[in-house]
K.L.:
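Attaching a single structure in structure tokens format; questions to follow.
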Amino acid sequence: QVQLVESGGGLVQPGGSLRLSCAASGIIFGFKSMGWYRQAPGKQRELVAAMDSDGDTTYADSVKGRFTVSRGNAKNTVYLQMNSLKPEDTAVYYCHLSLRALGRPDYDYWGQGTQVTVSS
């Protein structure tokens, strides 16, 4: 059984930085992508950043140049380095893991979420 645990959220001032971590427990097969989504109050959940099995990254336009997604040497860990944070970045951030399953739909795992608040 795969479980995702996020950490690193908190309160930060505008212009500050924060680093989120997500660790996946269990043996992972069929890795497709791993990354971060966020959901702000009154808004839909959106993709923030992700990395696929080839190491290619995807970023929301709103965070390009400010956020960086990476995977640790232990591939069960993904990070989100957030710089130049803005109040608009305030949201609950969710770690996400997508696994391929032969002959079946892809399977998604989600962390419980970690709150990021950018405010002075």
Side-chain angles (χ1 to χ4, degrees):
Q1 179 171 297
V2 177
Q3 184 177 25
L4 303 180
V5 180
E6 302 116 328
S7 63
L11 175 65
V12 65
Q13 294 185 346
S17 297
L18 209 58
R19 193 189 196 205
L20 305 183
S21 299
C22 175
S25 63
I27 304 300
I28 298 174
F29 295 97
F31 180 88
K32 181 181 179 181
S33 65
M34 194 170 185
W36 298 88
Y37 287 71
R38 69 184 181 188
Q39 187 165 23
K43 295 187 177 181
Q44 296 186 148
R45 186 173 299 187
E46 65 173 345
L47 173 69
V48 177
M51 179 177 289
D52 66 17
S53 59
D54 295 323
D56 295 328
T57 56
T58 301
Y59 294 94
D61 289 339
S62 60
V63 307
K64 286 181 179 178
R66 300 188 298 119
F67 290 11
T68 303
V69 64
S70 62
R71 294 182 70 193
N73 291 332
K75 301 298 183 181
N76 65 328
T77 304
V78 65
Y79 304 97
L80 184 66
Q81 179 66 46
M82 303 183 292
N83 298 324
S84 302
L85 283 162
K86 305 175 181 179
E88 300 81 67
D89 296 317
T90 296
V92 177
Y93 285 70
Y94 296 91
C95 183
H96 171 256
L97 171 65
S98 181
L99 302 179
R100 295 186 180 92
L102 289 175
R104 298 186 299 276
D106 294 345
Y107 196 90
D108 294 323
Y109 290 91
W110 295 91
Q112 292 183 326
T114 184
Q115 177 71 47
V116 172
T117 302
V118 184
S119 176
S120 58

K.L.:
Quick one: do Leu11 and Leu18 end up in the same hydrophobic cluster if we chain Ile, Leu, Val, Met, Phe, Trp and Tyr together by side-chain heavy atoms under 4.5 Å apart?
P.N.:
no

K.L.:
Tell me whether the rings of His96 and Trp110 are parallel (<30°), tilted (30 to 60°) or perpendicular (>60°).
P.N.:
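Answer is tilted, since the angle falls between 30° and 60°.
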
K.L.:
Starting at CG of Leu20, measure out to OH of Tyr94 and round the result to the nearest 0.5 Å.
P.N.:
13.0 Å

K.L.:
Any chain of hydrophobic side-chain contacts (each under 4.5 Å) joining Val63 to Val12?
P.N.:
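Same hydrophobic cluster.
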
K.L.:
Answer yes or no: is there a donor N or O on one side and an acceptor on the other, between the side chain of Gln112 and the main chain of Glu6, under 3.5 Å?
P.N.:
no

K.L.:
Decide whether Tyr107 and Leu4 are clustered together by the hydrophobic rule: side chain heavy atoms of Ile, Leu, Val, Met, Phe, Trp, Tyr closer than 4.5 Å, transitively.
P.N.:
yes

K.L.:
Backbone N or O of Val69 within a donor-acceptor pair of the Tyr59 side chain at under 3.5 Å?
P.N.:
yes

K.L.:
Let me see the working for Trp36 and Cys95 under side chain to side chain contact (heavy atoms under 4.5 Å, CB included), right down to the final yes or no.
P.N.:
CA-CA 5 Å; Trp36 298 88; Cys95 183; 4.0 Å; yes

K.L.:
Are Tyr79 and Thr77 close enough that some pair of their side-chain heavy atoms sits under 4.5 Å apart?
P.N.:
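Yes, side chains in contact.
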
K.L.:
Dump the intermediate steps for side chain to side chain contact (heavy atoms under 4.5 Å, CB included) on Leu85 and Phe67, then the final yes or no.
P.N.:
CA-CA 9 Å; Leu85 283 162; Phe67 290 11; 3.7 Å; yes

K.L.:
Would you compute the distance between atom OG1 of Thr57 and atom CZ of Arg71 and round it to the nearest 0.5 angstrom?
P.N.:
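The CZ atom of Arg71 is 13.0 Å from OG1 of Thr57, to the nearest 0.5 Å.
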
K.L.:
Do any N or O atoms from the side chain of Asp52 and from the backbone of Asp54 form a donor-acceptor pair under 3.5 angstrom?
P.N.:
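Checked: pair present.
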
K.L.:
Is it the case that Ser17 and Asn83 place a side-chain donor and acceptor less than 3.5 Å from each other?
P.N.:
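Yes, Asn83 and Ser17 have a side-chain donor paired with an acceptor closer than 3.5 Å.
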
K.L.:
If you count every heavy atom of other residues, nucleotides or ligands that lies below 6.0 Å from Gln39 atom CD, does the total exceed 12?
P.N.:
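Above 12, so yes.
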
K.L.:
Are the side chain of Thr90 and the backbone of Val118 linked by a donor-acceptor contact shorter than 3.5 Å?
P.N.:
yes

K.L.:
Determine yes or no for a side-chain-to-main-chain donor-acceptor pair under 3.5 angstrom, with Gln81 supplying the side chain and Thr68 the backbone.
P.N.:
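Side chain of Gln81 to backbone of Thr68: no pair is present.
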
K.L.:
So which heavy atom on Pro14 is nearest to which on Ser119, and how close?
P.N.:
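Smallest interatomic distance, heavy atoms only, reads CD-C, 3.6 Å.
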
K.L.:
Do the non-hydrogen side-chain atoms of Lys32 and Asp106 ever get within less than 4.5 Å of each other?
P.N.:
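Yes, their side chains come closer than 4.5 Å.
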
K.L.:
Closest approach of Met34 and Cys22, non-hydrogen atoms and distance?
P.N.:
CE-SG, 4.0 Å

K.L.:
Hydrophobic clustering (ILVMFWY, side-chain heavy atoms < 4.5 Å, transitive) - are Val78 and Val2 grouped together?
P.N.:
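Yes; tracing contacts between hydrophobic side chains, which count when under 4.5 Å, links both residues.
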
K.L.:
Any idea which heavy atoms bring Ala49 and Leu80 closest together, and the distance?
P.N.:
CB-CD1, 4.0 Å

K.L.:
Rounded to the nearest 0.5 Å, what separates atom CZ in Arg100 from atom OG in Ser33?
P.N.:
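If we round to the nearest 0.5 Å, Arg100:CZ and Ser33:OG are 8.0 Å apart.
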
K.L.:
Is the backbone of Arg38 close enough, under 3.5 Å, to the side chain of Glu46 for a donor and an acceptor to pair up by distance?
P.N.:
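Side chain of Glu46 to backbone of Arg38, a donor-acceptor pair under 3.5 Å: no, none is there.
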
K.L.:
If Ile, Leu, Val, Met, Phe, Trp and Tyr residues are connected whenever their side-chain heavy atoms lie under 4.5 Å apart, and connections chain through other members, are Tyr37 and Met82 in the same group?
P.N.:
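No, separate clusters.
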
K.L.:
For Lys64 and Asp61, what are the C-alpha separation, side-chain angles and deciding distance, and is it a salt bridge (charged side-chain N to carboxylate O under 4.0 Å, His left out)?
P.N.:
CA-CA 5 Å; Lys64 286 181 179 178; Asp61 289 339; 3.2 Å; yes

